[in-house]
Number of protein chains: 2
Amino acid sequence: MLTNQPKTESIANLRTDAGLASALRVSLARLNRRLRKQAAQHSLTPTQLATLAAVERHAAMTPGELAEHEKVQPPSMTRVIAKLEERGLLARSPHPTDRRQVTVSVTAAGATLLKEERRTKEAWLARQLKGLTAEEKATLRAAAPILEKLSKT
Amino acid sequence: MLTNQPKTESIANLRTDAGLASALRVSLARLNRRLRKQAAQHSLTPTQLATLAAVERHAAMTPGELAEHEKVQPPSMTRVIAKLEERGLLARSPHPTDRRQVTVSVTAAGATLLKEERRTKEAWLARQLKGLTAEEKATLRAAAPILEKLSKT
DNA sequence: TATTGTTATACTCTATAACTATA
DNA sequence: TATAGTTATAGAGTATAACAATA
């Protein structure tokens, strides 16, 4: 490398909405990047993992609904489901009323994988939290529901 | 869909580190998902965008360093750089001391694109912040540096 | 001989288009 | 005739292996 000096990070003015937005964007991106690296050893693609989680969350879905939910085209979802079924994480069953449709649900193995995935990431986060003061943790406790709110608006 | 009812989100016990970690993981993932959708209209892949940002941040890098930094293989980085150079966002120049190596730097167009990308995401975040109370925003102001700290530990 | 970067080639993921079965 | 899902095929991105240039 020629010039290894990182440019000085522009210090955002936290008192303005724009400044706070800027600081949050940087912090959130960085933390999520670190968190993503903590994935459990399951070798699922992001779409596969998100699909599995969506099926679990909604208890039972059709391929069409899943394609819509994950913003992929139906043929792509067919492949994703096939891969997950092949690995025994999802099960396909006939739709009770419309024989054109198919119902997809999470198997016990799929639920276990999701649990393990979450456990791994949360264990890393919990380890990081140990390095904080009680006051800092209190701030994060207060912030968590607000961050949740931000994505809902 | 058969049963559209989402399972009730398990309410984490925020008082424990594990509970806080769980709540944070969910909030962070959701918010980042929303944020990623706010990308500016530049049609760069995540790797391309991250590479461009890395070069900007480190002022000048070689392909090998970039491959290492972005956790891709050197041949893949060659392609990424080629794409970015083709679009005029990166420039390649000979290394001053080692003629085997190459130096990569961001062009004015590349810097403009990065700026626009950040501006778009921050504008969305700032809009979301407007829906919060002054107290909630104060909490986030306090939380931002702590989140930053979490990824550094 | 070791290292840096590139080219050749194969695999994976996702898209569009065409097809089958059912409503 | 319209809809749900699948199969066929193509394009984009990344990997490994082989190669060229330089240290």
Side-chain angles (χ1 to χ4, degrees), chain A residues 1-4 33 36-37 39 41-55 58 60-87 89-105 113, chain B residues 1-4 33 36-37 39 41-55 58 60-87 89-105 113:
Chain A
M1 188 180 296
L2 283 177
T3 57
N4 202 342
R33 207 151 45 227
R36 205 159 38 226
K37 281 186 193 166
Q41 291 301 356
H42 49 56
S43 65
L44 289 187
T45 67
T47 301
Q48 288 171 354
L49 193 60
T51 298
L52 190 58
V55 176
H58 295 97
M61 296 176 85
T62 67
E65 287 167 348
L66 278 168
E68 163 91 14
H69 190 268
E70 296 305 319
K71 306 294 182 209
V72 299
Q73 294 302 307
S76 302
M77 186 48 70
T78 293
R79 296 301 188 82
V80 170
I81 292 170
K83 279 278 180 196
L84 292 172
E85 190 182 24
E86 198 175 281
R87 290 188 51 173
L89 304 172
L90 282 185
R92 291 156 34 109
S93 47
H95 194 281
T97 60
D98 185 341
R99 284 192 295 171
R100 292 173 306 183
Q101 295 190 50
V102 170
T103 301
V104 179
S105 54
L113 185 146
Chain B
M1 189 179 297
L2 283 177
T3 58
N4 202 342
R33 208 152 44 228
R36 207 160 36 228
K37 282 189 192 163
Q41 291 301 353
H42 48 58
S43 64
L44 289 187
T45 67
T47 301
Q48 288 171 353
L49 193 60
T51 298
L52 190 57
V55 176
H58 297 97
M61 296 175 86
T62 68
E65 288 167 345
L66 278 168
E68 163 91 14
H69 190 269
E70 296 304 319
K71 305 295 181 208
V72 298
Q73 294 304 307
S76 302
M77 187 48 71
T78 293
R79 297 300 189 78
V80 170
I81 292 170
K83 278 280 180 192
L84 292 172
E85 189 182 25
E86 198 176 280
R87 290 187 51 170
L89 304 172
L90 283 185
R92 291 157 33 109
S93 47
H95 194 282
T97 61
D98 185 340
R99 282 191 298 171
R100 293 173 304 180
Q101 296 189 49
V102 171
T103 301
V104 178
S105 54
L113 184 146

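Worth knowing before you read on, the calculation uses all heavy atoms, side chains too, and leaves out hydrogens, waters and symmetry mates.
Residues passing the side-chain contact (heavy atoms from CB on, under 4.5 Å) test with A:Thr45, sequence neighbours excluded: A:Thr47, A:Gln48. Partners of B:Arg100 under the salt bridge (charged side-chain N to carboxylate O under 4.0 Å, His left out) rule, at least two apart in sequence or in another chain, are B:Asp98. Scanning for side-chain contact (heavy atoms from CB on, under 4.5 Å) contacts around B:Arg92 gives B:Ile81, B:Glu85, B:Val102, B:Val104, with sequence neighbours left out. Residues passing the side-chain hydrogen bond (donor to acceptor under 3.5 Å, both in side chains) test with B:Arg79: none are found, sequence neighbours excluded. Annotation: side-chain contact (heavy atoms from CB on, under 4.5 Å) contacts of B:Pro75 (sequence neighbours excluded): B:Gln73. Partners of B:Ala91 according to the side-chain contact (heavy atoms from CB on, under 4.5 Å) rule, which considers only residues two or more places apart in sequence or in another chain, are B:Ser105, B:Thr107. Not a single side-chain hydrogen bond (donor to acceptor under 3.5 Å, both in side chains) links B:Arg33 to another residue, sequence neighbours left out.
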Using a cut-off of under 3.5 Å, enumerate the N/O to N/O pairs linking the protein to nucleotides 8-12 of chain D.
from  : atom 1 : to      : atom 2 : distance (Å)
D:dT9 : O4     : A:Arg79 : NH2    : 3.3

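B:Gln73 has a side-chain polar atom (N or O) that falls below the 4.0 Å cut-off from OP1 or OP2 of D:dT16. Proximity of B:Ser76 to the phosphate of D:dA15: a side-chain N or O atom is located under 4.0 Å from OP1 or OP2.
Note that the first and last nucleotides of DNA chain C, 5' to 3', having any atom under 4.0 angstrom from a heavy atom of chain B are C:dT3 to C:dT9.
Between the side chain of B:Arg99 and the base of D:dT22, no donor-acceptor pair of N or O atoms lies under 3.5 Å.
In this structure a side-chain-to-backbone donor-acceptor pair under 3.5 Å is missing from A:His58 to A:Ala60.
If you measure from atom CD1 of B:Ile81 to atom P of D:dT14, you get 12 Å, rounded to the nearest angstrom. Distance CE (A:Met77) to P (D:dG5): 11 Å, rounded to an integer number of Å. Rounded to whole angstrom, the span from the CG atom of B:Leu44 across to the P atom of D:dT14 amounts to 12 Å.
Mapping A:Arg100 and A:Val72 onto DNA chain C via the closest heavy atom, the residue that lands nearer the 5' end is A:Val72.
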